[in-house]
Amino acid sequence: MTQSLTGRMINGFDIADADELDASSRDLVERRGRVLSTGYKLLYARPLHFVRGEGRYLIDADGHPYFDAYNNVTSLGHCHPVVVDAVTRQVAKLNTNTRYLHEGLVDYAERLADTHDRALTRAIFTCTGSESIDLALRIARTATGKPGVVVTENAYHGMTMAAAEISPSLGTGVPLGAHVRVVPAPARGATASEVGRQLARAVAAAAADLERHGIGFGAFVADSLFSSDGLAPEPAGFLREVRNVVRDAGGLYIADEVQPGFARTGDAMWGYQRHGIVPDVVAMGKPMGNGLPIAGVVATDAALDDFGRNARYFNTFGGNTVSIAAAAAVLSVIEEDGLLENSRVVGARLLDRLRVTAARTVMLGDVRGAGLYLGVDVVDALGQPDGERALDIVNRLRERRFLISAMGPHGSVLKIRPPLTTTADEADELNDALADVLDEITGGR
């Protein structure tokens with residue numbers, strides 16, 4: 001999801017421009033408009049019609065390949081052959097739910113738990129990251145008896161009612177719950193201790209406010225990269241003091257690993273591990289099945305104790321045998337192909353190249369990232385966030401068949417997430433495309 005504080009979709013198609021499309025695309029857009037909810041949106045100023053995916057490419061109806069450096073769902077690349085084979089074999093054999101014994105479910109849960117801190121021993125499977133966040137909030141409320149939640153000011157945590165109520169980035173059209181308090185996003189340009197101290201003080205104050213109003217503090221929820229806030233990957237370690245404050249205030253720390261997880265940061269399998277903390281609950285999503293709908297939660301025994309004993313949770317499709325086969329294949333590819341190390345090495349190369357490119361123009365400001373998740377500030381002549389220019393860059397890259405998006409409260413941060421399988425040459429290709437767009441805008445100056 002790419003939203004602004006106003007709830008406006010940052011990188012989206014305006015139906016008023018439908019007349020500018022070719023006849024086939026216009027017809028499909030009009031049919032969508034007649035039969036689908038108006039809540040469904042299309043990406044880019046000129047929507048794309050894809051019919052196939054292969055590796056880093058999405059391929060349109062005319063056979064043109066587009067370098068997908070935006071989609072964090074198929075993080076191994078589209079239609080990865082190992083995942084396709086695992087799913088094909090399993091769907092031809094059995095697809096059922098978790099209420100029957102099956103080795104695949106238990107084997108995968110054991111393997112998944114082994115990638116987390118050893119205190120995180122229990123897994124529950126869902127279908128989406130939003131469901132995982134919803135479930136994590138239920139666990140926290142059961143464990144603490146308190147519904148209050150603290151999040152950062154432009155966070156995005158999902159689309160269920162409970163997740164949307166803690167997602168300020170969805171804007172004024174999706175009100176925050178009365179039990180929710182927001183705190184400023186982590187400051188940039190300071191030491192880990194300074195950033196951590198500032199954020200910890202804000203969380204402590206918000207937790208105290210929830211207690212004072214009789215709501216009670218139940219949980220702090222954070223994406224450890226603070227993606228929707230504009231990306232704050234550094235300095236690693238600043239969440240340690242926040243973790244301590246949450247514990248001392250009697251709440252649970254919920255790590256939203258939907259975007260930072262599954263080797264994306266290059267430093268660790270999970271984003272929270274970069275900070276040297278152990279959450280009470282971890283919510284996982286999109287990349288788990290490389291396009292198949294599987295997500296989940298892992299938690300400590302203490303966090304799950306009352307919930308597991310007293311609250312029945314069952315998800316018909318969560319943890320089904322076909323999706324588990326996909327998830328197991330994803331984990332195998334990450335481990336056997338060394339994708340954590342590839343994310344670190346190729347991500348560092350791309351970060352260096354992007355910083356060189358940014359230094360050539362006043363149009364780009366800070367460049368930051370962790371592994372293969374990078375953000376580039378787009379600024380105006382006064383150095384202020386420039387969302388319109390960022391969107392222009394995104395759409396110019398789309399015309400060159402490179403797909404990225406934008407994020408942050410002003411939509412002014414270029415959001416770059418190529419597949420974990422990206423090579424050094426492909427990273428250079430992506431950087432060169434951005435450099436060409438900048439030259440196009442400035443006339444080569």
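Hydrogens, waters and symmetry mates play no part in the numbers below; they use all other heavy atoms, side chains included.
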Any donor and acceptor pair, going by atom type alone, linking the side chain of T423 with main-chain N or O of E426 inside 3.5 Å? yes

Between T191 and S193, do the side chains contain a donor N or O and an acceptor N or O under 3.5 Å apart? yes

Over 60° means perpendicular and under 30° means parallel, so classify the ring planes of F50 and Y66, tilted if in between. perpendicular

Going from CG on D134 to OG1 on T160, what distance comes out if it is rounded to the nearest 0.5 angstrom? 4.0 Å

Ignoring hydrogens and geometry, is there a side-chain-to-backbone donor-acceptor pair from N71 to V73 under 3.5 Å? yes

Please say whether the positively charged group of R138, taken as NZ for Lys or CZ for Arg, lies over the ring of F307, i.e. under 6.0 angstrom from the six-membered ring centre and within 45 degrees of the axis. no

Are D305 and R309 close enough, and set up right, to give a salt bridge (Lys or Arg N to Asp or Glu O under 4.0 Å), and what steps lead you there? CA-CA 6 Å; D305 189 30; R309 185 171 53 250; 3.0 Å; yes

Between N95 and T321, do the side chains contain an N or O donor and an N or O acceptor separated by less than 3.5 Å? yes

About how many Å separate OG of S405 and CG of L397, when rounded to the nearest 0.5 Å? 11.0 Å

Please tell me whether Y57 and H78 form a close aromatic pair, meaning their ring centres lie under 6.0 Å apart. no

Rounded to the nearest 0.5 Å, the OG1 atom of T265 sits from the CG atom of L340 at a distance of 7.0 Å

Could you tell me whether a side-chain N or O of T152 sits under 3.5 Å from a main-chain N or O of P184, the two making a donor and an acceptor? no

